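Bear in mind that the values here come from a model prediction, so they are computed numbers and not experimental data.
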Amino acid sequence: MVSLASDRVREEAQRIDMDAVEQVACAVIGENEAGHAAVSVTATNTTSKQSDFVVAFELLDASGERIGDGSAGLLSVPSDETLTETGYTTARYVEGSSCRIADASRWSSR
């Protein structure tokens, strides 16, 4: 059984761009006009080239249960700079909810 879990973790680590995941963050910042969670997504480009990021996130209620998901695109982030954009979700805002990164990809935009 332990080897199966290790294999699954290894497969997941290969699927996700771990460098990109470490360069992004998200936060629930309130409720938007439609009653959905308003999510702020930030990417820090630690590479030497301008980069684009695509981020998938999960929304969690105060107990840590998943209540929804969403995504964001952060385009043309200059080298050694940070950019913040609004994430998109149709999940209803829940008081005390939080956000965690589910997946992220980064590539050179030039």
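The two residues Ala91 and Leu59 make their nearest non-hydrogen contact at CB-CD1, 3.4 Å. In this structure, Ala37 and Val28 approach most closely via the heavy-atom pair CB-CG1, 4.5 Å. The heavy-atom pair separating Gly96 from Tyr93 by the smallest distance is N-OH, 4.4 Å. The two residues Ser40 and Thr84 make their nearest non-hydrogen contact at OG-CG2, 3.1 Å.
Here the CD atom belonging to Glu31 is positioned 9.5 Å from the CD atom belonging to Glu95, to the nearest 0.5 angstrom.
Inter-residue side-chain proximity for Thr46 and Gln23 is flagged as met; some heavy-atom pair is nearer than 4.5 Å. Considering only heavy atoms from C-beta on, Thr42 stays 4.5 Å or farther from Glu85 through its side chain. Within the 4.5 Å cutoff, the side chain of Ser97 has heavy atoms near those of the Ile67 side chain. Between Arg66 and Asp69 there is a side-chain heavy-atom pair separated by less than 4.5 Å. Within the 4.5 Å cutoff, side-chain heavy atoms of Cys26 are placed close to those of Ile101.
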Pair Ser51-Ser109, side-chain hydrogen bond (donor to acceptor under 3.5 Å, both in side chains): steps then yes or no: CA-CA 5 Å; Ser51 295; Ser109 54; 5.9 Å; no

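Of the candidates Val77, Leu83, Val41, Leu75, Val77 is the only one forming a side-chain contact (heavy atoms from CB on, under 4.5 Å) with Phe53.
No continuous path of hydrophobic side-chain contacts links Phe57 to Leu60 [ILVMFWY only; heavy atoms under 4.5 Å].
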